[in-house]
Each structure stands twice: as structure tokens, then as C-alpha cells.
K.L.:
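Input: one structure, supplied below.
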Amino acid sequence: MNGQPSYPAVPPSLLANLNPEQLAAVTLPPEPALILAGAGSGKTRVLTTRIAWLLQTGQVGPGGLMAVTFTNKAAKEMVTRLSTMLPYNVRGMWIGTFHGLCNRFLRAHWKIANLPQTFQILDSGDTLSAVKRVIKALKLDEERFVPKQMTWAIAGAKEEGKRPHDLPQHDGQARTLVEIYQAYEDQCQREGVVDFAELMLRSYELLRDHPEIREHYQRRFQHILVDEFQDTNRLQYLWLKMLAGPPDGAHSAALFAVGDDDQSIYAFRGAQVGNMSDFEREYRVRHLIKLERNYRSFGNILDSANALIAHNSRRLGKNLHTEAGPGEPIRVYEATSDYAEAQWLLDEAQQLHRSGTARSEVAVLYRSNAQSRVIESALFNAGVPYRVYGGLRFFERAEIKHALAYLRLIENPNDDTSFLRVVNFPARGIGARSVEQLQDAARSSGRSLNQSVGAVGGAAGAKLASFQRLIDDLRERTRGATLREIIERMLDASGLVTFYRTEKEGQDRIENLEELVTAAEAFVTQEGFGKDVIALPVDETAPGTIAAPLPGEPEAVARVDLLPDAETGEILSPLAAFLTHAALEAGDNQAQAGQDAVQLMTVHAAKGLEFDAVFITGLEEGLFPHENSLTSVSAQGADGLEEERRLMYVAITRARQRLYLSFSQTRMLHGQTRYHIKSRFIEELPETALKWISPKNQGFGSGFETSYQQAWQRGSGMGSMVGAGRHAGWSPPPAPPPSWAAPVPAAMRQAAAKDNGHGLRQGQSVFHNKFGEGVILTLEGSGTDARAQVNFGRHGAKWLALSVAKLTPIE
DNA sequence: ACACCAAAAATTTTT
DNA sequence: TTTTTGGTGT
């Protein structure tokens, strides 16, 4: 690193044990840098150590740098690690998610941003209902303008940095979209709410349109560090550029972008891997460092990951290596059915457990959520504790959303989304008719529902007025109360708890509502309400310290995401702050924590995690790679298949010690038995790293277990499975059959063994010279007329005349 | 307002 | 097959 200035010595412990590339990245000069950090290469360590190094060498004060992540989890981890490395309270630093930081920014500059100070944030559900209302108000056909698609289009436009007038209006459809977008925007503005994309967009526009604020922040932040840069969308990159300043600007911040193009799996929701190369070009990045040494996995696992990802074309190029040995071979299992696959997985998982692997160190990954059920069923029946990720999150539960709606109305009675959610929940005799009347009145006067209550007469008007009084009373009586008191009073006065007490399944919901009180309490403590604002030590003598703050803006406060008003220093009420928190951090997924349980999740959900043992299941053409991905060469020009392959790469690199791959010849999907061939991704792995496990007697009938009943309700605790006799399916001949499988009905055996003179049967794997490996879906006709429908995976399902086509049975 | 039934859809998802 | 959605009937 030529010309790198020298800085005061830092404790040797800080930089000790970094490898040369990590050290180089950590100690780069304040210039644009791109760090290509492979899976398990110590990415988070590099990020946090660089921040600590910058601070400890006095190159920057705690207010002069910003670190951005995507998830709250990643942000929290960074803060936690930093607090062990630094002698100060790092909580006031600008470390957070894109949305969290934009929220903080807009809270400080709400006036210039043209927002009410207590603006609330819509989650995706709120956004959808808001758009539905817009479509209804515009009297548009929901068939032609599907609300979900409209929210998608609006968010998509915002993430491109576009307002309604920036969109094309070439045809009627496009013009109506613009109309919906505009009306939605007006409605949000009227109600004082913003959606997730709006947080980013408004924050970006504020910087773009107000040079004095832009320059202030550009002077202030000398270092901006970005995690998971490959996942940024267009708007996020624009925002970063706005904050950092132009490449050659006098006060431009050093952008330190960390990412891995091979782990880009979110193109489908707008991520632009291209931002990496754009950044490299636009900022003339001179420091490109590849972290390729992996500290997580054994050689066989890494060899497989490398071999697989080498099949992708558009790559920045990177190869993982390790100094650990090759480790265990990767075990590959071909099952005859999804059922058998789950059974095998169960056996292997139990084996792992017996040999000392903690259950929580075993992960079962699948491409799509629907695949979890068979596995759950096998684990459940064997009494193996497991945990499924991906359910509803705490703040997304219906009862919690209802409670939050009441709280939001206390804070802002003009929040129509919340008004509509609870005006008749619990039921208080305000039906659709009355609500419609109210909406009409509101629409014609351009006011909120709450403001229009007086315009509705008769019995309906009286009931509405009484609801209004309920909220107003609540607001009055809780003025100055603690957050806990507010929530408890609301739960009581709203009738929510009373309502759920009469419900038969209401007990869980009441418990969740109690949990809400606990969450609020924790939030108050954590955010330091009732405590003095804590200022961070700032070294004024150090080179390049923080520029003067805006008037009234403290350098750092204890309340992490709630910067006071830039002019008045006013801080949000605990209630408004808690509501913001609830929207930005939807909380944990259900799933009982605590117990040592096998972890079940989609590959997407596994990103960023690691486990001693990983099972990747359902490796079949059509499932993984998913059939929809093959045809989707998405708008951005990203290749669907390549993204699937990166997904597989992410999955493989989650494993530390052992990796298991499995696929099944048949699988119940959408109520039908489907025949699949093994995923091309398996064939892209080095044969030398694999060890094929096959059931011994794969006799006839292979692939013919079909449906079995599933009698327990997901998530509703331990029910009981339907008795074995109810299972309609066939058990795999490789005995001993599992105790819970039914005997094979004789008639079905016949069907399975049916062959039409060509030595072929349904479900049989076959080879075709042109189309390769396939599975027979159906057999029809006989003699010269005999034909078969064969699923060739990537070539699709084809009908073949057996008198012509040469099909060789496999094994 | 609520219960019931039929029809349609069923990658991946954080904020 | 399961889940969600919408429509109809009471």
C-alpha cells in the first residue's frame, strides 16, 4: 500500500491473527475499496476490525463513520462485536440497516422531508391494504389491477428512484399504474405514513435536493462501510453515493464495500449485483481485495462449492481454499420417495446426534417451504425436536397487529389503515355499510376517516362516534403514562383481551398480547428512555474529526434509531418510538427457542448461518433449480439459473464438517405424485468429493410410495399422527419398513410392476441419447403404438413413441 | 356479521 | 394436498 500514512500504534490484539488479505483490507487507506469476501472468510471480522482500527488510530471519531447492513441481525452482531473491541458505548454510532438509518435520518429532518414528526412506517401487510383502498377509491377493477402486483410495481419503481411522473405512460395500463401510484402517495402523505421503500427514497431525495444537508453529511461521514453489497438495489446505491459524495469530491467519504457476487440470491427482489462493478468503475476503485481463505468448511465441501459455482459465467472470480484437510466425503442419497428421503435424513440425523453433534448444529435446507412438511412429519414421529424457520413473526401476528393499530390511533388518529383494522374489531356493530358511508364522506371532503365521523348520521354515526371517543379517551387518560401503562390500558379498553378470552383458541393470543407488554418493557430499557442522553467521547484532537453538527443535533444519543429533531432536539415519545421499532423490526420467527432442536429452513433463510452438519434436500430438476427460474431471465438481465446455482453455492457453504445431499425419484407436490430426475447441480460437483449412499435392494416398486396422511396441525404443538393403517402409500421394499408405514396393497403392487412389453414401468429412470436422463411419467398403448411420457428435467416432459425412441433403463 | 363451500393457486423475502 | 380467497346463504 503505497503512500499509506502512518497512524498511532493500536493494541496488537486488534490486528493479531488476521491473515494477510484481511489485514490489508482492515488497514486500507481512506479510499474507495471493494472487498470480495467469500463465504466463511471472516467478512464480519474484517468489517468490525476496520471500524475499530479507524477509531483507535484516531483517523475518525465515532460520529464520523457509518456502517450499513441489510438485516437487524447483522447490525446487532456488528454492534455487539464492536462493543467488545472498543472502550466506548457504540450504540449511538451510525450503525444499522439501510431502513433503520434512513428512519433515523428522516426523524432528524422530518420537517424538510415534509413528514409529521410522528410519521409511522407501514409494513408489507399495511402497504397492501393501503393500495387496496386506493384501487377501490379510484373505482378500478381489482382483476385488472391486482393489488399485490401494484404494491410490487410501486415498490419496484421507488427502488429505482422513480416517482409517478418518472414512469412511462405508453398505454392505458401504464397510465393507470401511474394514477394508482400517485393516489397511493397522496393517501400516505395525508395519513402521515411511509412504506419501507419510501424511507429510502425520501431520504435519498432529501440529500439530493438539499445541498446544505448533503454537504453536511458528506463532511461528517469520512467512512461508509457497507455489508452484503451484492444485495443492494439501485436506490440503495444511489443513496450511498449521495452520502459519500462524488469520487473526487473534497469531502467525499471512503466507501468500503464488502460483498460476494457468488452469494447474490436476491435479484428477484431488486438486488443489483451490477452495483459491484458499477462501484468499481465509477469510483475508480484501486483497492480490490479478495478474501478467499475459508475458515469454516473442510476441503471436500469447498471443492464442491468451487466446482459448482465455476459453472456460472458472469462472475468477478474467486476460489475458496482452506488449510483444513478434505474432511468427510459429501454423502449423496437417492431416495425412492420424499417419504423415504425424510426417513433417511432422520436416520442420519439421529446418527449424528448419537455421535455427539448437537441437534441445533444440524440444519435441513430446502428450496421451498412446502418441502418441510414431509421432513417435519418424520422428525415429529420419531420424537426428534426440530425448529422451523419462516413462520409469522411476532409483530406480524393478527392479534399484535390489532393491538398496534389501537396504539397507532392513539398516536395518530388519522392513520386510516389502523382505523379500518380495528374500527370493528372486536365487533361493535359497525358493519361494512357504515364503514363505506364513512369512507365516502372522507373521500369527498379529502379528510381522514377519523375526521369524517361527524358526517355520518343515524345509528351508524353514533357507533362511530363512540369508537372515536374510545380512542380519544384512551389518549387523554394515558397522557404522561409509561409505555407499559398505555399498552395495558389499551388492551383493556379496546376489549381485545376480553374478546380473545371468549375465543376457543384465544389463549395463545392473549399470551402474545402479554408478550407485547414484555417487548415494550424491554424496548424502553434498551433504548434508555427515562435516562439521560449519553454523549460519546469524541477525540477533538485526532485528525479529521467530525464536522460541526447541525444546530441542535447531538453527536450521539443513547436512543439508537431515534435521533432528535435536528432543530429542536425533540425526541419521539416512547410510544411513537416503540411503534417505529415494531415496524422496522418484525421480531423473531415463531419457533420455540431454547431447546436443542434440528434447524429446518429454506436455503434463503440459511444465508449468513453455519452448521456442523447440513442436509440439502430435494435436489431435483424442477425443484432445485426451481422450474420457474429456468424460464425467468429476469428484467435486469439476470439469469434465473445462475441465481439458483448461487443459491446452491450458499447452501453448500453453510456446512462446517459434514454435508449431505439428497433427492427423490417421486415427490408429492400439489397433491400429485411428481417424478423428478436428480438436479444438474449434483452433476456439477466433483465426483471425487462425493460418496453415493444407496439403499441396498432398490427392487421393483421403487419410487412408489405415495400419499400419507398428515394429521397434526402445523405449529399447534404436538398433535398425533393418524394411525398407520390410514396410510394409503407403499413403503419402500428395502425392508424393514418403518413402523408407521402401511403394508403395500397388492393391487398397487400390480400397478407398480406393470410393464407394456418394453421392460419399462412408470417411475423408471431411463436414458435417451439426445435428452439424457429422464423419468417415465406415463405409459400408454402397446405394441408399435406404445408411447411414454418422460420427464427429462431441463428438456421438459416429452412424449416418445417407444417403437422409435431408444430408452435405456438405468440400473 | 358470520358460517360455509367452492375455486384457484401453491418459489425464494428483509425492511 | 393444502391454503387462501371470494361468493353465497342464513
K.L.:
Between C1' on dT13(B) and CH2 on Trp152(A), what's the gap in Å once rounded to a whole number?
P.N.:
12 Å
K.L.:
Does the side-chain ring of His99(A) sit on the six-membered ring of the dT15(B) base, less than 5.5 Å centre to centre and under 30° in tilt?
P.N.:
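Whether judged by distance or by angle, His99(A) falls short somewhere, so it does not stack on the base of dT15(B).
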K.L.:
At 4.0 Å (heavy atoms only), tell me whether Glu644(A) reaches a base, stays on the sugar-phosphate, or touches nothing.
P.N.:
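Base, at least one base atom sits under 4.0 Å.
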K.L.:
Report yes if a side-chain nitrogen or oxygen of Ser629(A) is closer than 4.0 Å to either non-bridging phosphate oxygen (OP1 or OP2) of dT11(B); otherwise report no.
P.N.:
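Looking at the OP1 and OP2 atoms of dT11(B), neither is under 4.0 Å from any side-chain N or O of Ser629(A).
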K.L.:
Round to the nearest Å and state the distance from Tyr389(A) atom OH to dT14(B) atom P.
P.N.:
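Nearest whole value for this atom pair: 13 Å.
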K.L.:
Using the side-chain heavy atoms of Thr71(A), tell me which of these nucleotides is nearest: dT14(B), dT1(C), dT13(B).
P.N.:
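Between dT14(B), dT1(C), dT13(B), the one nearest the side chain of Thr71(A) would be dT14(B).
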K.L.:
In whole Å, what is the span from the CD atom of Glu396(A) to the P atom of dT13(B)?
P.N.:
12 Å
K.L.:
Please test Arg163(A) against Glu205(A) for salt bridge (Lys or Arg N to Asp or Glu O under 4.0 Å), starting from the C-alpha separation and ending with a verdict.
P.N.:
CA-CA 11 Å; Arg163(A) 289 297 179 186; Glu205(A) 288 173 339; 2.9 Å; yes
K.L.:
Which nucleotide in the set dT12(B), dT14(B), dT1(C) lies at the smallest distance from any side-chain heavy atom of Met668(A)?
P.N.:
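Given the options dT12(B), dT14(B), dT1(C), the side chain of Met668(A) is closest to dT1(C).
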K.L.:
Flag the pair Phe624(A) / Leu647(A) as yes when at least one side-chain heavy-atom distance between them is below 4.5 Å, and no otherwise.
P.N.:
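Phe624(A) reaches Leu647(A) side chain to side chain.
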K.L.:
Should Asp231(A) and Lys607(A) count as an ion pair when the cut-off is N to O under 4.0 Å?
P.N.:
yes
K.L.:
Report which part of the nucleic acid Tyr266(A) touches: base, sugar-phosphate, or nothing (heavy-atom distance under 4.0 Å, all strands).
P.N.:
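Sugar-phosphate contact only - Tyr266(A) comes under 4.0 Å of backbone atoms but never of a base.
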K.L.:
Could you check whether Ala586(A) gets within reach of a base, just the sugar-phosphate, or nothing at all, counting any heavy atom under 4.0 Å?
P.N.:
nothing
K.L.:
Can you tell me if Asn628(A) touches the phosphate of dT12(B), counting only side-chain N or O atoms and a distance under 4.0 Å to OP1 or OP2?
P.N.:
no
K.L.:
Which whole-number value in Å describes the distance from Phe499(A) CZ to dC2(B) P?
P.N.:
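Roughly 8 Å, once rounded to whole Å.
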K.L.:
Has Phe268(A) got its ring stacked on dT12(B), by the test of a centre gap below 5.5 Å and a plane angle below 30°?
P.N.:
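Yes.
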K.L.:
Measuring to OP1 and OP2 of dT15(B), would you say a side-chain N or O of Arg269(A) lies under 4.0 angstrom away?
P.N.:
no
K.L.:
With a 4.0 Å cutoff (strictly under), does any side-chain N or O of Asn233(A) reach OP1 or OP2 of dT15(B)?
P.N.:
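Looking at the OP1 and OP2 atoms of dT15(B), neither is under 4.0 Å from any side-chain N or O of Asn233(A).
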K.L.:
Quick one: which of dT15(B), dC2(B), dT12(B) gets closest to the side chain of Ala427(A)?
P.N.:
dC2(B)
K.L.:
Please report, rounded to the nearest Å, how far the P atom of dT14(B) is from the NZ atom of Lys158(A).
P.N.:
20 Å
K.L.:
Check the distance between dT12(B)'s C1' and Tyr649(A)'s OH and give it to me in whole angstrom.
P.N.:
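It works out to 19 Å between those atoms.
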K.L.:
Take atom NZ of Lys162(A) as the centre, draw a 6.0 Å sphere, and report whether it contains more than 12 heavy atoms from other residues, nucleotides or ligands.
P.N.:
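Result for NZ/Lys162(A): open.
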K.L.:
Looking at Asn72(A), I'd like to know whether one of its side-chain N or O atoms comes within less than 4.0 Å of OP1 or OP2 on dT15(B).
P.N.:
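Checking Asn72(A) against dT15(B): at least one side-chain N or O falls below 4.0 Å of OP1 or OP2.
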K.L.:
Using side-chain heavy atoms (C-beta onward) and a distance below 4.5 Å, is Trp239(A) in contact with Thr232(A)?
P.N.:
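Sidechains of Thr232(A) and Trp239(A): no contact.
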K.L.:
How long is the line joining CZ of Phe425(A) and C1' of dA1(B), in whole Å?
P.N.:
13 Å
K.L.:
Atom CZ of Arg667(A) and atom P of dT11(B): how far apart are they, to the nearest Å?
P.N.:
14 Å
K.L.:
Which of parallel (below 30°), tilted (30 to 60°) and perpendicular (above 60°) describes Tyr266(A) and Phe268(A)?
P.N.:
tilted
K.L.:
Which value, in whole Å, describes the distance between the P atoms of nucleotides dT5(C) and dT12(B)?
P.N.:
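Taking atom P in both dT5(C) and dT12(B), they lie 15 Å apart.
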K.L.:
Say whether, by atom type as modelled, one donor and one acceptor occur between the side chain of Glu341(A) and the main chain of Gly618(A) under 3.5 angstrom.
P.N.:
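Yes; at least one donor-acceptor contact below 3.5 Å.
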K.L.:
Can you tell which of dT13(B), dT11(B), dA1(B) lies closest to the side chain of Ala605(A)?
P.N.:
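Out of dT13(B), dT11(B), dA1(B), the nucleotide with an atom closest to Ala605(A)'s side chain is dT13(B).
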K.L.:
Of the candidate nucleotides dT3(C), dT11(B), dC2(B), which contains the atom at the shortest distance from the side chain of Arg373(A)?
P.N.:
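Nearest listed nucleotide: dT3(C).
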K.L.:
Are His670(A) and the base of dA9(B) stacked, counting only ring centres nearer than 5.5 Å and planes tilted under 30°?
P.N.:
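It does not: the ring fails the test against the base of dA9(B).
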K.L.:
With nearest nucleotides of DNA chain B determined for Thr97(A) and Ser368(A) from heavy-atom distances, which residue corresponds to the more 5′ nucleotide?
P.N.:
Ser368(A)
K.L.:
Kindly list each side-chain donor-acceptor pair under 3.5 angstrom involving residues 421-429 of chain A, sequence neighbours excluded, with atom names and distances?
P.N.:
residue: Asn424(A); atom: OD1; partner: Arg428(A); partner atom: N; Å: 2.7
residue: Asn424(A); atom: OD1; partner: Gly429(A); partner atom: N; Å: 3.3
residue: Asn424(A); atom: OD1; partner: Ile430(A); partner atom: N; Å: 3.2
residue: Asn424(A); atom: ND2; partner: Ile430(A); partner atom: O; Å: 3.0
residue: Arg428(A); atom: NH1; partner: Tyr406(A); partner atom: OH; Å: 3.3
residue: Arg428(A); atom: NH1; partner: Val422(A); partner atom: O; Å: 2.8
residue: Arg428(A); atom: NH1; partner: Val423(A); partner atom: O; Å: 3.0
residue: Arg428(A); atom: NH2; partner: Tyr406(A); partner atom: OH; Å: 2.8
residue: Arg428(A); atom: NH2; partner: Ser494(A); partner atom: O; Å: 3.3

K.L.:
Could you provide the dot-bracket string of DNA chain B, using ( ) for intrastrand pairs, [ ] for crossing pairs and | for bases paired to another strand, with Watson-Crick or G-U pairs below 3.5 Å?
P.N.:
||||||||||.....
K.L.:
With DNA chain B as reference, determine whether Ala370(A) or Phe196(A) sits nearer its 5' end, using the nearest nucleotide of each.
P.N.:
Ala370(A)
K.L.:
Are the side chains of Thr71(A) and Glu228(A) in contact, using a 4.5 Å heavy-atom criterion?
P.N.:
no
